[in-house]
Amino acid sequence: MSDTDERAPLLSSEKGEKYSEEKTNEKKQKSAKSATFGQLFRYATALDKFLIFIGSVFAIAVGGGWPALSVIFGELTDTFVSGPGGFTFICVNGSLVLNGTGNTTGNDSSSAADEFEDKMSTYAFYYLYIAAVVLVAGYLQIMCWTTACERQIHTIRKVYFRSIVRQQIGWFDKNQSGELTTRLADDINKIKDGLGDKFSFTFQYTAQFFSGFAIGFWKSWKMTLVMMSVTPILAVSAAIMSVFIRNYTKKEQESYAGAGSVAEEVLSCIRTVISFNGQRQEQIRYESALKETRRIGIRKSFVQGMMIGLIMFFMFGTYALAFWYGSDQVKDWYHSYCAPEREGISPGEVLTVFFCVMIGSFSIGNAAPHLGSIFGAKGAAAEVFETIDNVPEIDGTSDKGEVPVSLDGDIDFVGVEFSYPTREEVKVLKNFNLNIGRGQTVALVGSSGCGKSTVVNLIQRMYDPDSGRVLLDGKNIKELNTCWLRNNIGVVSQEPILFGMTIAENIKLGNTDATIQEIEDAAKAANAHDFITRLPNGYRTLVGERGAQLSGGQKQRVAIARALVRNPRILLLDEATSALDSESEKIVQTALDQARLGRTTVMIAHRLTTVQNADMIYVVDQGEIIESGTHSDLMEKKEFYYQLVQAQSLEPDDNGANGDDNKAHIYKRQRSRVSSSDKSDNLVKRQTSRQVSTTEKGISKEKEAEEKEEEEEEVEKPKYFRILRENFPECPFLIFGTFFAAIQGTTMPLFAVFFGEMIKVFIDIYNTDNVLWSMMFLALGGLNFVSHLFMHTNFGIAGERMTFRLRLKMFRAYLRQDAAYFDDPKHGTGSLTTRLATDASLIKTATGFRIGTILSSIVSLVAALAIAFYYGWKLALVVLGGVPILMLSSSLQIKVVMGKHKDDQNKLEDAGKIASETIENIRTVQSLAREKYFYDLYSEHLESPLRSNLKQAQLYGFAYGFSQCVVFAMYGGAFRFGAWQVSVGDMAPENVYKVFFAIAFTGMTIGQASSFLPDYSKAQHAAGILFKVLETIPGIDIYSSRGTYMTTVDGRVVFKNVSFSYPMRPEVRVLKSLSFTVEPGQTVALVGPSGCGKSTAISLLQRMYDVEDGEINLDGKDIRDLNLNRLRSFISVVSQEPILFDCSIRENISYGLDTDVGMDDVIEAARKANIHDFITSLPAGYETVVGEKGTQLSGGQKQRVAIARAIVRNPKILLLDEATSALDSESEKQVQAALDAAQKGRTCIVIAHRLSTIQNCDVIFVIDDGQVVESGSHQALLSLKGVYSALVSAQQFTK
């Protein structure tokens, strides 16, 4: 592949920029769309519509409850004013004469008291009636809406999933699978959010708004208008606050996403970081990404404090205005009491208007988040329904198209032109003509990107050609039924996809009607039956996600069995053996040769030994066939195919040449009869072989148990003061924060006192303190503003600084751990990055804000109780008796809502796994024509959550109704008892209000505050995990300065009787007394089947792990006695899939070096690696960012950057682990040239399956089952006719 071709994947090119820009614009346009309300409810059945109607009627009833309560409360207040302890109003000659009812005597007093008691009893019953109505209405409102919502969402989920899996592959090219699975979860959750109880709350609060203002205008339009003058300011403040907080939250998330992606990238590639001593560089990168998050977090806290404070100030300002104006209105009412037309309003009516307008105003604020959810649902629904309504041209689930009775298997491509939907300007096939006869085996060869795999895709009708025709038995495949077509084709690809189910179920996906006998026959034909029966659970063995519990060879053979069980007429083999070692390949190749008999077969391969027996070989280049013929015909031509073969050929065994048998040191040993690729603990492929930990767990007996174990890590929960100690550096901020939190705690009890004093002003016509007490409300607002501002800012600074520090400490601690730590399934990249993101911020909630909330609540409670007991201890006790019920009702509601959310997530997890596995592997699903199978499986897993959610709807409805009705009942009980206290002369009327509101308002505030208090146990668990990580000092400690610091080394490596087994599988010995010596400057190769211990030896030399027995020496010194950092600085690694980091090419090349490397050194290393010219041709040159894991570069480019990274360190020891196996012949040639240059003058250890790459090594060590079984030069080993000779002959071309 030329440099020009290699540049194609780079998104920095014009086309790439244009494409990504178009995609962004397209997304923006899409996100602007929104579904109509009609569309939102398009899946509602008649029953759902009936439930919605009933729910809405009762939501309106609940909404009217509070304003109705205010009317009764006003009449009750008037009764208090004119009852015992108040005044009776008598008109004498048109003038008002007040008679203190507390001073009357005899029968008048008794009858007045009786009348007062009767009235109060009536009001108490009114309260109870409203409570009962609200209980029933609240239950029906929530139950009806939630039930209707659950039923609709169930349907939407199924329809959406079915629509996704039926889309054609071209659609998936434009829509990433991750995005689709996220939509399936998030977007549908958004629709659910807006379709259910949130919609009913909107009705409820709308009813509350209209009824509140209607009553306000009815009782006193003047006072209502006066109060409304502040409402716009309140509304604007609340709107501004929500916008600010939303923006800051988004910025915070985006900002941490940067740091999170650094962490994810580093932890997922931890072995590369360890190999190159990249810990210091990564800490700096993570810290700089975190600083922005800290800054935004502090700013967010300040804005939050200021906005909440402002809203509280305006709210108390409204109270001040209302009571000042109300007291004037009451005076007018008193003065005009005896006039023909009364002016002003009574004290009770003032309170009715006050509460009605406040309830009406707050209902706008309360409805806003619910309205937001509804509009969010409309936006999400537009995206979802667009997919649902999209009818694909190629539909594998459709019944349309001809279904022939038989199939012979003749395939013809006639003048086919094709380009992929995402890159329409690039022609992949140009006037492509191909004829494949029935039963014929045809091979397609050529360099990467020439169009071979495209041919396979077109045969399966994954895409339709732009022009030309693809014919099957002379019929255009567009006219055939797609499902029938795919059912007659068997596909085996380079990396076969197995699903997270048993082996038997995976094979059965090829033919859902297959019997156990047919499954076993297919497995035997695929040479898989023997290894399956040796597994503990046989065919019932779970293969793990993507088949991770099986080795590469095993997966391939299960995939072949899956292809054969359907008895296909056409077999498509796309790179089916390229990822395998020679021995596994031989077994799989035998299975494939058997499978090809009597079938039309199309093969694609880079390893040309596998296609030499094909009936016809077509050489494809740039979308056209340039050569065709049999292997021998093409070799005689000595053109393109001949060159490809020469690049992969091994030197023959010249019996005489270099045939000194003494060079071959043979370790005679009985070879294992069991093929190494059959071992159940084997490795999946080279990359995973290197990172043994993740897949060498053996077959898991219980997948779910394993997943649960991964999620939870047992830790000792730390004491609270241990957590608090982490926040100690921010002590001054915490002290200031708690001081203002305590002040904040006094506001509600003080409000109750001021409220009582205003009632006193209303009762006493001669009282002139109305302005004073009105101003006190304003002062209370000012106090609220100051306390909220300083409390939030101080706690915000303390929390964000601690979070920053803890995340950094945690990241440092992760980077300190050795490779064994990351082998543990509990320490997977996902769980570690999640902990970095959430644990530190969870701990933050356990310190500052928690202390503040608790202290504020304690101060509130103490002040409220002091006020209540001072003004009326008996009533205080009665009200306190109701508080536990109030708290129980609100905590029940919170628990039900939170539990419902948690339950939803857990129950949908299984369905979600099926969905994500299906969508991620959609090509496999569609080529197997198993869309309906996975749809049925998904639907089945949705049934249990639906049943559970419908039951939950009943409980949620009751919890909501109960929490609403308790407040009404409590009002009735408290005021009835207060009235009795007033009638017997134990309390003044105004004191009843002080006592009741002191406890009620404070209780409400504490209740709200506690709902904002995060789950402390979660924070404690997070702290436990964090402290455990910080205290874990690994045996191989990169931060330690211990050990001999060698200034230079010669590079003599000796393995002396090394035995080793991986910490996660101590029962399996990987190396058994392994011994070999590498002299300074020598190039040696380690060869052998997968899992024999080659990569393990390289890992041990880098001290990823320590040996169990024996020792590894470098220049005569045990590597355990050397300084670890220094040891690794002498070694460089180039692996099969080199890991590059998401930074510039320059930074990648100089990665992990202690000293800053000059640009000249970087350029020199790039020249040696044969990559300098390519880099300079890029617009940004060496500053080009390579993307996550180097995705913006092609395989060959990445390899050469990795070689430059290895060279720039000027290492004494170079380790090459399968450095060219994943490349096509042309890329391999360039990379091999760079490697040859890099090896000069260095001790070099090479691992390779493709033996042509190591035939020139000084010494070749053949390893099997953890021991050296043969050693010598290529020619010496060939002359032995032993293990090595067998491996070579498996890869040799026939003459």
Spacing of CZ belonging to Phe210 relative to CD1 belonging to Ile60, to within rounding of 0.5 Å: 11.0 Å
Verify side-chain contact (heavy atoms from CB on, under 4.5 Å) between Ile797 and Glu730, making sure each step is shown before the conclusion. CA-CA 8 Å; Ile797 294 170; Glu730 289 76 35; 5.6 Å; no
Sole candidate of Val353, Val71, Val357, Ile359 that passes side chain to side chain contact (heavy atoms under 4.5 Å, CB included) when paired with Ile215: Val71
Cationic N near anionic O, under 4.0 Å, Lys300 to Glu800: no
If you measure from CZ on Phe217 to NZ on Lys222, what distance do you get to the nearest 0.5 Å? 13.5 Å
Is the closest side-chain donor-acceptor distance between Tyr993 and Thr77 under 3.5 Å? yes
Looking at Phe385, does the NZ or CZ of Arg42 lie under 6.0 angstrom from its six-membered ring centre and within 45 degrees of the ring axis? yes
How close do Ala367 and Tyr205 get, heavy atom to heavy atom, and via which atoms? CB-CB, 3.7 Å
Could you state the interatomic distance from CD1 (Ile743) to NE2 (His788), rounded to the nearest 0.5 Å? 12.0 Å
Derivation of the side-chain contact (heavy atoms from CB on, under 4.5 Å) call for Thr206 and Phe209: CA-CA 5 Å; Thr206 306; Phe209 171 78; 5.6 Å; no
Could you check whether Glu150 pairs with Lys192 (Lys NZ or Arg NE/NH1/NH2 to Asp/Glu carboxylate O, under 4.0 Å)? yes
In the structure I gave you, are the side-chain heavy atoms of Phe323 and Phe777 within less than 4.5 Å of one another anywhere? yes
Assess the side chains of Tyr956 and Asp197: does a donor N or O sit below 3.5 Å from an acceptor N or O? yes
For the residue pair Lys219 and Cys356, establish whether any side-chain heavy-atom pair is separated by less than 4.5 Å. no
Do any N or O atoms from the side chain of Ser856 and from the backbone of Thr853 form a donor-acceptor pair under 3.5 angstrom? no
Please give me the minimum heavy-atom distance between Ala377 and Ile191, naming the atom from each residue. CB-CA, 3.7 Å
Testing the 3.5 Å rule here: is there a donor-acceptor pair between the side chains of Ser787 and Gln744? yes
Check against side-chain contact (heavy atoms from CB on, under 4.5 Å), Phe795 and Thr738: CA-CA 8 Å; Phe795 285 149; Thr738 45; 4.0 Å; yes
Residues that Lys190 engages under side chain to side chain donor-acceptor pair (under 3.5 Å), provided they are two or more places apart: none
Pairwise side-chain contact, Tyr286 with Arg807, heavy-atom cut-off 4.5 Å (strictly under): yes
Sub-3.5 Å donor-acceptor pair from the side chain of Ser200 to the main-chain atoms of Gly196, do we have one? no
Closest non-hydrogen contact found for Lys994 with Val753 is CE-O, 3.7 Å
Is any side-chain heavy atom of Arg801 less than 4.5 Å from a side-chain heavy atom of Pro729? no
Restricting to non-hydrogen atoms, name the atom on Gly796 and the atom on Ser301 that form the minimum distance, rounded to 0.1 Å. CA-OG, 3.2 Å
Should the pair Phe199 and Phe203 be assigned to parallel (<30°), tilted (30 to 60°) or perpendicular (>60°) ring geometry? tilted
Identify the two heavy atoms, one from Ala798 and one from Leu734, that lie closest to each other, and give their separation to 0.1 Å. CB-CD2, 3.9 Å
Contact between Phe751 and Leu780 at the side-chain level, heavy atoms closer than 4.5 Å - yes or no? yes
Answer yes or no for Lys378 and Phe37: cation-pi contact, defined as NZ/CZ to six-membered ring centre under 6.0 Å and angle to ring axis within 45°. yes
Do the ring centers of Trp66 and Phe355 come within less than 6.0 Å of each other? no
Measuring from Ile52:CD1 to Trp145:CH2, what's the distance to the nearest 0.5 Å? 5.0 Å
Can you confirm whether Thr803 sits close enough to Arg294 that some side-chain heavy atom of one is under 4.5 Å from a side-chain heavy atom of the other? no
Non-hydrogen side-chain atoms of Phe354 and Tyr319 separated by less than 4.5 Å: yes
Hey, could you give me the OG1/CZ distance between Thr318 and Phe313, rounded to the nearest 0.5 Å? 10.0 Å
Closest non-hydrogen atoms of Thr352 and Gly74, given as atom of the first, atom of the second and distance, are OG1-CA, 3.1 Å
OH (Tyr248) with more than 12 external heavy atoms under 6.0 Å: yes
When rounded to the nearest 0.5 Å, the distance separating CZ of Phe201 from OG of Ser373 is 10.5 Å
Does Phe314, at its CZ atom, have more than 12 non-hydrogen atoms belonging to other residues, nucleotides or ligands within less than 6.0 Å? yes
Verdict with supporting geometry, Met223 and Val350, side-chain contact (heavy atoms from CB on, under 4.5 Å): CA-CA 8 Å; Met223 186 172 163; Val350 169; 3.7 Å; yes
I'd like to check Leu789 versus Phe302 (side-chain heavy atoms, cut-off strictly below 4.5 Å). Are they in contact? yes
